[in-house]
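Throughout, a chain's letter reflects where its sequence line sits, starting with A, and its residues are numbered from 1. The structure presented is a predicted model; accordingly, all values stated were derived computationally and were not measured.
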2 protein chains.
Amino acid sequence: MEVKPKQILIADDEPDILEIIRYNLEKEGYDVHTAKDGNEAIDKAKQLYPDLIILDIMMPRKNGVEVCSILRTQPSFQDTLIIFLTAMSDESSQIKGLETGADDYISKPISPKVLVSRVNALFRRVSTKEAGKTLQIGNISIDPVKFLVTINGNEVVLAKKEFELIYLLASKPGRVFLRNEILTQVWGNEVIVGDRTIDVHVRKVRQKLGIDCITTVKGVGYKFEI
Amino acid sequence: MEVKPKQILIADDEPDILEIIRYNLEKEGYDVHTAKDGNEAIDKAKQLYPDLIILDIMMPRKNGVEVCSILRTQPSFQDTLIIFLTAMSDESSQIKGLETGADDYISKPISPKVLVSRVNALFRRVSTKEAGKTLQIGNISIDPVKFLVTINGNEVVLAKKEFELIYLLASKPGRVFLRNEILTQVWGNEVIVGDRTIDVHVRKVRQKLGIDCITTVKGVGYKFEI
DNA sequence: TTCCATATTAACATTCTGTTTACACAAAGT
DNA sequence: ACTTTGTGTAAACAGAATGTTAATATGGAA
């Protein structure tokens, strides 16, 4: 299975820092996006749904802690990884950061080596338990390795996009995914497709699976449930 | 996910101050409304139900403290954030302000930086505990992530507006929401709809839930209670 | 290249939601 | 009793959102 590079969003008001981080993370094979203040970070986060967000604590237009708590209130960012950048001395923000729901923090001045290893470690930590795993919901299993959906032992073959769609939805059964969210997660954030594209894929999945496990929430999005 | 920008109402009789504040807060991404005296502040507050009200202490036609205590007597403004603007020297009003039920005060002359950070801090304080959470009242649970209302384990599917309505009411069980308040919270303050619109939605919710958890308070509004 | 499956669009059909209209009903005031 | 005011209900409608189908594009494999 072709693995998309992880999307990382970095927010810091110092362009130099931004570039150092970008350089080192892109070298590692990540896709890096940047924002220069808190509000831009929020906007881009909602637009990209990145896998990891790195937030400087001290930023204009909403500091890192604020951005973090705002994002965390939304279901879509409940499980997004967040790392804080803190001034070395500032211990209290470190604590506060972790309280607010950050997954890690990195002290400035930044050592590229530390940065990269922390980021890798974080992805490793979640990937071991989360990603690439066969989902099992009721009598349906979704195996991303074999690229196979099985219902009561019957194998169903899905096309790539169809599979990614059902895999996304099924990764959090019950949770509603906004159309926007689905678009960026499955199609990628630069691709622009028409309104009906999602529907058509949903339809095909429903059709192929034969059972009714994708529910429409009108005006909102879709969710997986049996 | 669509998030409405926070609504802020500012009341001050000096147009310059009004504009400075407006400029800085709009830059932060907030929606700003203004009033030039105490009475206008009250009127606009009741019309907008803003998330935050910034009141100058010295104003014609009811000063800030008066406005604050008047608003605080109404349930609808019990949880609205209020900040006072005070003259630097005037310590007694600061104390009085906090006694009256303000959440913070800012000394004049105003530093945009201080202003913005105080405002952000205030929102952060409340946002961490409030938003996006599953409500649980008695045997009813209202889950905005799954977009689902559950009564004794039975799932009830509501349309978007219906859900937003019940979620608002249930967010403060027992508290009466004025019709106006419901309109601005659920429909938004620019949308104009007819008188019966709320009723019809209330009716549909009652119907779908099957149990009687929305109480009519005639001449006033509705409240959630079991 | 040609073939084939997949992905996307376009056009149209369908469903559902939100809103209004019209009227019934209840409570309170005169 | 009559009027006024406010809410409940049902039906009807417009428009939004989604479903469906077929046609077209795309891209990879033979």
Per-nt protein contacts along nucleotides 12-21 of chain C (heavy atom under 4.0 Å; B base, S backbone sugar-phosphate only, - none) come out as ---BBSBBBB
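Contacts of B/Phe163 with the nucleic acid, taken as non-hydrogen atoms under 4.0 Å apart, are absent.
Taking A/Phe177 as the reference, nothing meets the ring pair (Phe, Tyr, Trp, His ring centres under 6.0 Å) condition, with sequence neighbours excluded. With sequence neighbours left out, the ring pair (Phe, Tyr, Trp, His ring centres under 6.0 Å) criterion links B/Tyr222 to no other residue.
Between the side chain of A/Arg72 and the backbone N or O of A/Ala102 there is no donor-acceptor pair closer than 3.5 Å. A/Lys44 places no side-chain N or O within donor-acceptor distance of the main-chain N or O of A/Leu9, the cut-off being under 3.5 Å. Judged purely by atom type and a 3.5 angstrom limit, A/Lys223 uses its side chain to pair as donor or acceptor with the backbone of B/Lys146.
Rounded to an integer number of Å, the gap from CD1 of A/Ile182 to P of D/dT18 is 10 Å. Atom pair B/Phe177:CZ and D/dT7:P shows a separation of 17 Å (rounding to whole Å applied). Distance CG (B/Asp212) to P (D/dT7): 16 Å, rounded to an integer number of Å. If you take CZ of A/Phe147 and P of C/dA5, they are 16 Å apart, rounded to a whole angstrom. Atom CG of B/Asp199 is separated from atom P of C/dA24 by 17 Å (rounded to the nearest Å).
Counted within 6.0 Å of NZ on A/Lys36, heavy atoms from surrounding residues, nucleotides or ligands total 12 or fewer; the atom is thus considered open.
For D/dG8, the OP1/OP2 oxygens have a side-chain nitrogen or oxygen of B/Tyr222 closer than 4.0 Å. Listed pair A/Arg203 / D/dG19 fails the phosphate criterion, with no side-chain N or O lying under 4.0 Å from OP1 or OP2. Proximity of B/Arg179 to the phosphate of D/dT7: a side-chain N or O atom is located under 4.0 Å from OP1 or OP2.
Among residue pairs with one or both ends in residues 137-163 of chain B, those qualifying as ring pair (Phe, Tyr, Trp, His ring centres under 6.0 Å) are B/Phe147-B/Phe163; sequence neighbours excluded.
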Kindly give the atom pairs (protein nitrogen or oxygen, nucleotide nitrogen or oxygen) under 3.5 Å for nucleotides 24-30 of chain D.
none

N/O donor-acceptor pairs under 3.5 Å from side chains in residues 202-211 of chain A, not counting sequence neighbours:
residue	atom	partner	partner atom	Å
A/Arg203	NH1	A/Gln207	OE1	3.0
A/Arg203	NH2	A/Gln207	OE1	2.6
A/Arg206	NE	A/Ile214	O	3.3
A/Arg206	NH2	A/Ile214	O	2.9
A/Arg206	NH2	A/Thr216	OG1	2.9
A/Lys208	NZ	A/Glu162	OE1	3.0

Apply salt bridge (charged side-chain N to carboxylate O under 4.0 Å, His left out) to the pair A/Asp195 and A/Arg179, showing each step before the final yes or no. CA-CA 9 Å; A/Asp195 268 0; A/Arg179 282 168 160 264; 5.7 Å; no
